[in-house]
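In what follows, a structure is listed as structure tokens, so that the remarks can point back to it.
What you see is a predicted model; the values in this text were computed from it and never measured. Atoms considered below: every heavy atom in the structure, side chains included; atoms not considered: hydrogens, waters and symmetry mates.
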Amino acid sequence: MYLPKKSYERTFNVGVFSPKVDSSNGAWRQGNELNFCVPEFTDGAGHTGNSVTTKQRMVISAGGKKLVDAKAPLCEEIDGLPAKSAVYRISTEATRSTKVAGVTTRLAAAWSVTSKKPSGDDVSTLPLSTVRFAPKLSPASTAPAGRKSTVPLTVQGPAAKGFKSLSVQVSYDGGKKWSKAPVTTKKGERTLSLSHPKNATSVSFKAKLTDKNGNTFDVTIVKAYLLG
């Protein structure tokens with residue numbers, strides 16, 4: 001609710017840009033049909049969005065059999081799914097020019113989940129989860145170099161309640177070299193404690209998330225944010 005004579009501020013189009021899943025964004029199955037839509041380039045505040053890309057590829061398979069291989073965003077309707085329980089792999093890889101955006105210049109994300117045909121006309125949700133990075137950034141998606149930084153992490157999807165494990169790696173050279181970034185959990189909140197090198201110009205992330213049922217999510221975000 002907005003009140004007269006008051007000032008309000010909302011931030012859009014600031015990193016970290018990465019996939020988001022919630023009640024409106026994910027994958028749903030009815031019978032042998034799958035409706036799937038995940039906004040890959042959701043901004044750090046959670047505003048969903050897509051982006052112009054230089055290259056993009058989406059691949060969906062079930063039980064090792066490829067169902068879709070397309071140069072398209074993560075939004076698709078598929079029929080002819082196997083009725084029996086199978087492991088589904090849904091992946092995307094996208095690159096975008098620095099003329100479009102200086103951050104998340106390469107995004108690779110993949111889910112591996114188990115699904116079977118729901119009963120009758122029931123609709124079931126595929127157990128897709130994500131991990132989101134929420135550092136404090138300037139409007140240009142930058143943070144200071146040569147300083148320590150705390151990066152809050154948010155787990156979305158079934159893994160939020162059925163959490164098993166989360167591992168994160170960080171790179172300060174655009175994804176050439178990676179090192180472990182331990183995840184700290186305190187009072188249910190997860191964070192990374194980073195030390196930005198003085199001469200680095202960007203921060204990239206890799207993460208692997210697993211829920212208690214063995215479903216996984218892997219993501220690589222090159223140039224998640226910039227340093228200056």
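- A heavy-atom distance below 4.5 Å is not found between the side chains of Leu128 and Pro19.
- Residue Leu192 is grouped with residue Phe163 when hydrophobic side chains (ILVMFWY) are merged at heavy-atom distances under 4.5 angstrom, including chains of intermediate members.
- Of the possible donor and acceptor atoms, none in the side chain of Trp111 sits under 3.5 Å from a partner among the backbone N and O of Arg89.
- With Lys20 contributing its side chain and Gly46 its backbone, the two residues share a donor-acceptor pair below 3.5 Å.
- Put simply, the side chain of Gln169 never gets that close to the backbone of Ser179: no donor and acceptor are under 3.5 Å apart.
- A 4.5 Å side-chain heavy-atom check between Val68 and Met58 finds at least one atom pair inside the cut-off.
- Criterion: ILVMFWY side-chain heavy atoms under 4.5 Å apart, direct or through other members. Under it, Val131 and Leu194 are part of a common hydrophobic cluster.
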Pair Asn32, Asp79 - check side-chain contact (heavy atoms from CB on, under 4.5 Å), show working. CA-CA 6 Å; Asn32 291 328; Asp79 56 18; over 6 Å; no
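- Applying the disulfide (SG to SG under 2.5 Å) definition to pairs two or more places apart or across chains, none involves residues 152-228.
- For Ser124, the side chain to side chain contact (heavy atoms under 4.5 Å, CB included) test picks out Arg29, Pro118, with sequence neighbours left out.
- At least one donor-acceptor pair under 3.5 Å links the side chain of Ser138 to the backbone N or O of Ala140.
- Between Lys117 and Gly31, the shortest heavy-atom contact is CG-O, 3.6 Å.
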List the steps, then state whether salt bridge (charged side-chain N to carboxylate O under 4.0 Å, His left out) holds for Asp173 with Lys176. CA-CA 6 Å; Asp173 59 4; Lys176 296 177 182 178; over 6 Å; no
Stepwise side-chain contact (heavy atoms from CB on, under 4.5 Å) test for Val183 and Leu153: CA-CA 9 Å; Val183 179; Leu153 304 177; 4.0 Å; yes
Pair Arg96, Ser51 - check side-chain hydrogen bond (donor to acceptor under 3.5 Å, both in side chains), show working. CA-CA 8 Å; Arg96 55 182 186 171; Ser51 176; 2.9 Å; yes
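- Atom CZ of Arg190 has more than 12 neighbouring heavy atoms from other residues, nucleotides or ligands inside a 6.0 Å radius.
- Heavy-atom minimum distance, Gly15 versus Ser141: N-OG, 2.9 Å.
- The minimum heavy-atom distance between Ser112 and Val87, with the atom names listed, is OG-CG1, 3.4 Å.
- Legend: residues meeting side chain to side chain contact (heavy atoms under 4.5 Å, CB included) with Gln30, ordered by chain and number and at least two apart, are Asp121, Val123.
- Remark: the backbone N or O of Val151 is not paired with any side-chain donor or acceptor of Thr191 at under 3.5 angstrom.
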Please evaluate residues Asn199 and Tyr172 with respect to the criterion side-chain contact (heavy atoms from CB on, under 4.5 Å), reporting the C-alpha separation (whole Å), side-chain torsions for both, the decisive distance (0.1 Å), and the verdict. CA-CA 9 Å; Asn199 298 324; Tyr172 297 107; over 6 Å; no
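- Grouping the Ile, Leu, Val, Met, Phe, Trp and Tyr side chains by contacts below 4.5 angstrom, directly or via other members, places Val38 with Ile78.
- Judged as a disulfide (SG to SG under 2.5 Å), the pairs with a partner in residues 22-57 (not counting sequence neighbours) are, in order, Cys37-Cys75.
- Residues Leu166 and Val16 fall within the same hydrophobic cluster, defined by Ile, Leu, Val, Met, Phe, Trp and Tyr side chains chained together at heavy-atom separations under 4.5 Å.
- With contacts defined as side-chain heavy-atom distances shorter than 4.5 Å, the pair Leu81/Glu33 does not qualify.
- Taking 4.5 Å as the limit, some side-chain heavy atom of Gln56 sits within range of a side-chain heavy atom of Pro73.
- Of the options Pro158, Ser129, Pro127, a side chain to side chain contact (heavy atoms under 4.5 Å, CB included) to Val113 is made by Pro127 and by none of the others.
- Pairing each heavy atom of Gly63 with each of Ala86, the nearest pair is N-CB, 4.0 Å.
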Carefully, step by step, assess Asp43 and Val14 under the rule side-chain contact (heavy atoms from CB on, under 4.5 Å). CA-CA 6 Å; Asp43 71 13; Val14 173; 5.9 Å; no
Validation: residues 209-227 side-chain donor-acceptor distances under 3.5 Å, sequence neighbours left out:
residue, atom, partner, partner atom, Å
Asp211, OD1, Asn213, N, 2.9
Asp211, OD1, Gly214, N, 3.0
Asp211, OD1, Asn215, N, 2.9
Asp211, OD2, Asn215, ND2, 3.1
Asn215, OD1, Thr114, N, 3.1
Tyr225, OH, His196, NE2, 2.8

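- The closest side-chain heavy-atom distance from Glu40 to Asn50 is below 4.5 Å.
- Contacts of Glu93 classified as side chain to side chain contact (heavy atoms under 4.5 Å, CB included), with partners at least two apart in sequence or in another chain: Arg106, Ala108.
- Remark: the backbone N or O of Leu126 is not paired with any side-chain donor or acceptor of Tyr88 at under 3.5 angstrom.
- A heavy-atom distance below 4.5 Å is found between the side chains of Leu74 and Phe36.
- Donor-acceptor pairing under 3.5 Å is recorded for the side chains of Arg132 and Ser18.
- By the 4.5 Å heavy-atom criterion applied to side chains, Asp22 and Gln156 are not counted as neighbours.
- You'll find the side chain of Trp178 reaches within 4.5 Å of the side chain of Ser204, heavy atoms only.
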Please evaluate residues Phe17 and Phe41 with respect to the criterion ring pair (Phe, Tyr, Trp, His ring centres under 6.0 Å), reporting the C-alpha separation (whole Å), side-chain torsions for both, the decisive distance (0.1 Å), and the verdict. CA-CA 5 Å; Phe17 295 89; Phe41 293 97; 7.2 Å; no
